[in-house]
Amino acid sequence: MARTAIISDIHANYHALSAVIEDVRAMHCTDLVCLGDVVGYNAYPFECLSYVRELKCPVVKGNHDEEVVTPSNTRMNSIAQLAMDWTRSRLDESCLQWLSRLQYQCIVRSDAGASFSVVHSSLDHPKAWNYIINASDASNNFLRQFSHICFHGHTHAPKIFVWDGKHAVEDRANIYPLYSEGFTEFQPLPDLKYFINVGSVGQPRDNDPRACYGIYDTDINLVIIKRVEYDVQAAQDAICNAGLPECLAKRLGKGI
Ligand code: ZN
């Protein structure tokens with residue numbers, strides 16, 4: 001059996017991460033992969049990083065993971081930068097070393113032989129941190145995607161892009177149930193390619209404050225994207241108590 005949970009953009013939100021891992025276990029997932037941005041924005045960078053390290057799962061690098069190790073001082077807005085400086089002060093040398101060694105993309109293989117690719121932003125220029133917002137953006141990724149399915153994050157909004165060999169389209173029909181039911185699932189067709197954004201665990205930006213993650217069951221060819229309730233108030237309180245900008249707490253409550 002191979003049922004892999006795919007988590008992304010934890011962003012130092014320990015309350016969201018622990019709720020999602022509890023859900024991952026309840027959903028009988030056998031494996032886990034993390035698509036980066038473990039740190040940044042929220043109040044528990046050390047705790048979340050330690051938790052992810054203990055999980056011993058494949059992890060790819062996100063732009064916040066890179067920025068905390070190699071400050072560029074140009075890429076981020078002032079709030080994100082402020083949180084980044086605070087984050088850096090919370091991490092020890094071992095954490096920074098671990099982050100610096102993360103790959104930008106990888107192929108995940110199950111024991112049963114199935115495989116898929118993962119990247120934080122997109123496969124065409126993984127170090128450029130492009131935001132894949134629409135099908136036109138996704139086209140460039142598909143030209144470099146040689147696997148049937150690739151999972152990504154970065155925008156903090158779940159989406160499904162499909163490639164028929166010539167054109168990319170956004171599959172909105174299979175995302176709608178996520179907003180009405182908090183859950184969606186579909187079976188990928190063998191002759192198409194899929195580029196799937198699993199949303200964000202720790203800072204959703206699709207107007208739903210609940211944590212979001214994906215599951216890929218290669219035995220029954222099923223992709224699931226689902227929401228998880230967590231203690232948003234506790235995460236907000238921790239942000240304020242840490243002295244981080246209040247707007248970072250407010251946005252968690254709105255999912256923006
Ligand atoms: Zn992120």
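Just follow the structure's listing: the first ligand is 1, and inside any ligand the first atom is 1.
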**Asked** Is T184 close to Y176 at the side-chain level, that is, under 4.5 Å between some pair of heavy atoms?
**Response** no
**Asked** Considering only heavy atoms from C-beta outward, does the side chain of H15 approach that of N13 to under 4.5 Å?
**Response** yes
**Request:** Tell me the protein N, O or S atoms under 2.8 Å from the Zn ion (ligand 1), in chain and number order.
**Result:** D9 OD1, H11 NE2, D37 OD2, H156 NE2
**Prompt:** Are the aromatic rings of H11 and H64 close, with centres under 6.0 Å apart?
**Reply:** yes
**Message:** For the CZ atom on R205, are there more than 12 heavy atoms of other groups (residues, nucleotides or ligands in this structure) within a distance under 6.0 Å?
**Reply:** yes
**Request:** Start with the C-alpha distance between D65 and R101, add both sets of side-chain angles, then the distance that settles salt bridge (charged side-chain N to carboxylate O under 4.0 Å, His left out), and finish with yes or no.
**Result:** CA-CA 10 Å; D65 305 323; R101 285 196 292 267; over 6 Å; no
**Asked** Any cation-pi pair here, R90 with Y44, using under 6.0 Å and within 45°?
**Response** no
